[in-house]
Every structure is written in structure tokens, then in C-alpha cells.
Amino acid sequence: MNHVEDASVWRYMDFTKYVDLISTQELFFCRSDKLGDPFEGSYSEKHFQRRLEEIRAQAKDFAREVPLYLFVGMGYRKYVYVSCWHTSEHESAALWRQYLKSDEGIAIQTTRSRLALATVGSSYPVWSVPVQYIDYDEDDPPIPTRMAAFRYKRKSFEHEKELRNIIYAEFEDGSGNRLQPPSESGIRLKVDLSQLIEVVYVAPTAPDWLWDLTARVSKTYGLVAPVIRSSLSGDASRFI
């Protein structure tokens, strides 16, 4: 196994979502247009202008084809579903705060290779790719396919160090007829929990009863991964 495949990745969530994950053995992939970032799946300004020039050079009716091109691009996001993970060898205090609405939080730690193995044999193929952070005004990254646009985000999100797992849900049947998106919110994918979860961390501000409950619930659903308290919850008074 190489270093990249062995890199640690994290998913921060509240306790109820953790219970949902281990009880259903299903990982939720959010529809990309529901992620809250209007730039999801979009092109940078320079790339977009270059695309327009390509269309202008080939189009029979440029004024008609450009709006159609934009409409199809926006609609494409409804068929792309995303599961976001944070790449780091250590816990992130910032992400504990960002993704949890209370003290009742859980972080799942795994590796890129384990995450990939967890979805083997699932109903949709999963594309796993590290996000690249760009300046949408100045950069012109390579985007050879429409899907490739989903591997880029604005530099203001760079702290997330995101590893993005992506599903593309086909929107045409065998006869070329367009289908409705499979879900308004997201897709749930069956996963192998023994591969998906290496360690379970309980939030640093969580009360003692939550750590105990997390351990008991994990055991109930046959999870063998250790459940430990966040390393950020240590008492620093002994160093003062």
C-alpha cells in the first residue's frame, strides 16, 4: 500500500447520523446542488469563456445553443452525489466546531484505501478524488469531462482538505430517454462497516455518558472498531 492510499481521512457528524450509519450500514451521498455551494460543478471564468468560444466556433445558432448549454450544465448537478471526507493525520479542532451543532458529536477515522474497499460491489460506481482548490477568476484547470468539474472548489474552502467520493447517477435509459434524478436530497449506498470505520472518536466536549452510549451502541451493531475519546479533550492543567 502506498502512502496516498494509506492517508487518514475523517468524517465528522452528530451522534444521530452515526447511529443511522451503523444501523443501516448505508453511507449518505448528498445531491451536489444541495451542498450549499453555488459553485459546485461549475467552471472557472477563464475555462467558461474558452468553452463559449469553442461553442461559437462550431454552433449553427450560437444565441440558441448557449442557453441550452447552461441549462444542461445546471441540471447535471442533480445527477451527481457526493460524500465529503477530510484528509489529515490528526483530528481537526476547527472541523469539530464547524460540523457539529452540539457536544454530541462523532468522528469516523479511516484511510483512503479502506474507504474505497467499503464501497466495492455497491449499486453505483464511486469515484474518489482529492479536491483541488482554485481561484475561479484567474485559474483555468484541466476539465476533460463534465464530471471533472466536481473535483474543484474555491480557495476559501482549502482548510477542508477534502477527499470527495462521487456518484454519477445515469439520467438516460438505454434508448436515450432522460430520466428523473433518483433522489431529491441524496443517495444511500450500502457499505462494509468493517472496512469503512477504523476508529470512532467521541467529540472533545462530549459528556461522559455519550462516550459510554457510543461504545454500547457500536457493540450492539457488531462494530469492532475501537471507540475512544477525542485526544483534544485532555487536561492541560498538569502542564501549567
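Computed from a predicted structure; not experimentally measured. Quick note: residue numbers are just sequence positions, from 1.
Annotation: side chain of Leu27 is in contact with side chain of Arg11 (closest heavy-atom distance under 4.5 Å). Ile106 places a side-chain heavy atom less than 4.5 Å from the side chain of Val200. The shortest distance between side-chain heavy atoms of Ser42 and Phe48 does not fall below 4.5 Å. Looking at heavy atoms from C-beta onward, Glu104 lies out of side-chain contact with Asp14 at the 4.5 angstrom threshold. Between Leu210 and Asp103 there is no side-chain heavy-atom pair separated by less than 4.5 Å. Asn165 is not listed as a side-chain neighbour of Leu189, based on a closest heavy-atom distance of 4.5 Å or more. Side-chain contact between Val129 and Phe150 is absent, with no heavy atoms from C-beta onward closer than 4.5 Å. Side-chain atoms of Arg164 and Arg151, non-hydrogen and from C-beta on, never get closer than 4.5 Å to each other.
Contact between Leu163 and Pro130 at its shortest, heavy atoms only, is CD1-N, 3.8 Å. Considering all non-hydrogen atoms of both residues, Trp96 and Glu91 come closest at NE1-OE1, 2.9 Å. Between Gln109 and Ser8, the closest heavy-atom pair is NE2-OG, 3.4 Å. Of all the heavy atoms in Leu115 and Thr110, the pair that sits closest is N-OG1, 4.1 Å. Minimum heavy-atom separation, His86 to His159: CE1-O, 3.9 Å. Tyr152 and Val131 make their closest contact through C-CG1, 4.3 Å (heavy atoms, listed as atom of the first residue, atom of the second, distance).
Every pair tested for ring pair (Phe, Tyr, Trp, His ring centres under 6.0 Å) that includes a residue from residues 210-231 fails, sequence neighbours excluded, so the list is empty.
In this structure, the ring of Trp10 has its center less than 6.0 angstrom from the ring center of Tyr201.
Within the 3.5 Å criterion, the main-chain N or O of Thr16 finds no donor-acceptor partner in the side chain of Asp20. Not a single donor-acceptor pair under 3.5 Å links the side chain of Gln25 to the backbone N or O of Asp192. Put simply, the side chain of Lys46 never gets that close to the backbone of Asp139: no donor and acceptor are under 3.5 Å apart. Proximity of a side-chain donor or acceptor of Arg77 to a complementary backbone N or O of Gly41 within less than 3.5 Å is not detected.
Between Tyr76 and Tyr168, the ring planes lie parallel to each other; the angle is under 30°, not in the 30° to 60° tilted range.
We find the CG-OH distance between Leu95 and Tyr12 to be 5.5 Å, quoted to the nearest 0.5 Å. Here Ile22 contributes atom CD1 and Lys219 contributes atom NZ; the two are 13.5 Å apart, rounded to the nearest 0.5 Å. The distance from the OG atom of Ser92 to the CG atom of Leu232 is 8.5 Å, given to the nearest 0.5 Å. The distance from atom CZ of Phe29 to atom SG of Cys84, rounded to the nearest 0.5 Å, is 9.5 Å.
Placement of Phe28 and Leu35 in two distinct hydrophobic clusters is found when ILVMFWY residues are connected by side-chain heavy-atom separations under 4.5 Å, directly or transitively. Linking ILVMFWY residues whenever their side-chain heavy atoms come closer than 4.5 Å, directly or via other members, leaves Val120 and Tyr124 in distinct clusters.
The closest side-chain donor-acceptor pair between Trp85 and Thr87, if any, does not fall under 3.5 angstrom.
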Could you walk me through whether Gln49 and Glu53 pass side-chain hydrogen bond (donor to acceptor under 3.5 Å, both in side chains), step by step?
CA-CA 6 Å; Gln49 293 301 327; Glu53 290 306 312; over 6 Å; no
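A cation-pi arrangement is present between Arg51 and Tyr43 under the rule of less than 6.0 angstrom and at most 45 degrees off the ring axis.
Ion pairing between a basic and an acidic side chain is recognised when a charged N comes within 4.0 Å of a carboxylate O; Arg50 and Asp140 show such pairing. Salt bridge status for Arg229 with Asp208: present, with a side-chain N to carboxylate O gap under 4.0 Å.
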